[in-house]
Amino acid sequence: MGSDSAAKELVMYSRTSSCPFVTLAKRVLRDYNVPFRELYYDRDETVRRRILEWTGFLSVPTLIVANAGDDLPAEPFDPLPAGSSPRGIDRGSMITEPNIEDLTAWLLKHGFIAEAAT
């Protein structure tokens, strides 16, 4: 990560039960060796409220760029139109339920990875 993102970390809002989008995100992060912290909405009511407020749904994973040690986005994120699906939308410091290409592009943009695998 560049010096600008040195004090940033990746936080994944998640759940303890199985989810294909969480599995995919973890696989991408593992493949790129990107460290992250995971918070679970089914273990913490604050996490649950945040996901609902940010996405309008209990959409996981919701990944954010946070200041090191913090659980909130480091920068304001783009809003969603009411009732819209957050799936795969790059909202700046947040992305929810991304596919491999969306997550890789988002990680590149924020300096968590240097280049995409071919």
Side-chain angles (χ1 to χ4, degrees):
M1 291 193 326
S3 59
D4 185 40
S5 54
K8 304 286 188 235
E9 72 173 320
L10 185 61
V11 177
M12 181 188 301
Y13 281 69
S14 187
R15 68 181 189 205
T16 57
S17 58
S18 179
C19 170
F21 287 102
V22 170
T23 300
L24 181 139
K26 286 181 177 181
R27 188 180 84 224
V28 170
L29 296 172
R30 183 182 60 245
D31 288 351
Y32 283 104
N33 199 28
V34 175
F36 66 96
R37 267 190 311 118
E38 196 167 7
L39 305 175
Y40 303 97
Y41 78 69
D42 50 354
R43 290 187 180 168
D44 185 330
E45 184 59 32
T46 299
V47 170
R48 182 183 181 89
R49 282 193 311 267
R50 285 179 185 158
I51 294 171
L52 282 170
E53 178 184 320
W54 295 340
T55 70
F57 308 92
L58 288 174
S59 299
V60 292
T62 292
L63 299 111
I64 65 165
V65 178
N67 290 316
D70 199 358
D71 296 340
L72 297 172
E75 304 289 331
F77 53 87
D78 298 336
L80 285 172
S84 296
S85 171
R87 185 171 291 164
I89 297 174
D90 179 344
R91 299 175 63 196
S93 60
M94 177 183 297
I95 194 165
T96 300
E97 297 179 348
N99 62 30
I100 293 170
E101 294 79 18
D102 294 338
L103 181 53
T104 302
W106 189 81
L107 292 169
L108 275 165
K109 179 175 109 174
H110 290 288
F112 287 106
I113 61 176
E115 62 183 334
T118 54

Using every non-hydrogen atom in the two residues, find where [X] and [Y] come nearest and quote the distance to one decimal.
X	Y	value
L103	A25	CD2-CA, 3.8 Å
V60	C19	O-SG, 3.7 Å
A66	V11	CB-CG2, 3.9 Å
I64	P73	CD1-N, 3.5 Å
P35	N33	CD-O, 3.5 Å

Would you say [X] and [Y] are hydrophobically clustered, going by side-chain heavy atoms of ILVMFWY under 4.5 Å?
X	Y	result
F21	V28	no
Y40	L52	no
L80	L72	no
Y32	I95	yes
L108	L24	yes

> By side-chain hydrogen bond (donor to acceptor under 3.5 Å, both in side chains), which residues pair with N67, not counting sequence neighbours?
Replying inline: K8
Could you list all the salt bridge (Lys or Arg N to Asp or Glu O under 4.0 Å) pairs where at least one residue sits in [range], not counting sequence neighbours?
range	value
residues 28-51	E9-R37, K26-E38, R37-D71
residues 14-23	none
residues 85-96	R87-E97, D90-K109

>> Test of understanding: with side-chain contact (heavy atoms from CB on, under 4.5 Å), list the residues that count as partners of L29, not counting sequence neighbours.
In response: L10, M12, V34, F36, L63, L107
Distance from [X] atom [atom1] to [Y] atom [atom2], nearest 0.5 Å?
X	Y	atom1	atom2	value
N99	T104	CG	OG1	8.5 Å
Y41	T16	OH	OG1	8.0 Å
W106	I113	CH2	CD1	11.0 Å

> So, S93 side chain and E75 main chain: donor-acceptor pair closer than 3.5 Å or not?
Replying inline: yes
>> Among residues at least two apart in sequence or on other chains, which ones pass salt bridge (charged side-chain N to carboxylate O under 4.0 Å, His left out) with D102?
In response: none
>> Which residues pass the ring-ring contact (aromatic ring centres under 6.0 Å, His included) test with W54, not counting sequence neighbours?
In response: Y13, F77
> Does anything in residues 55-65 pair up under side chain to side chain donor-acceptor pair (under 3.5 Å), and if so which pairs, sequence neighbours excluded?
Replying inline: T62-T96
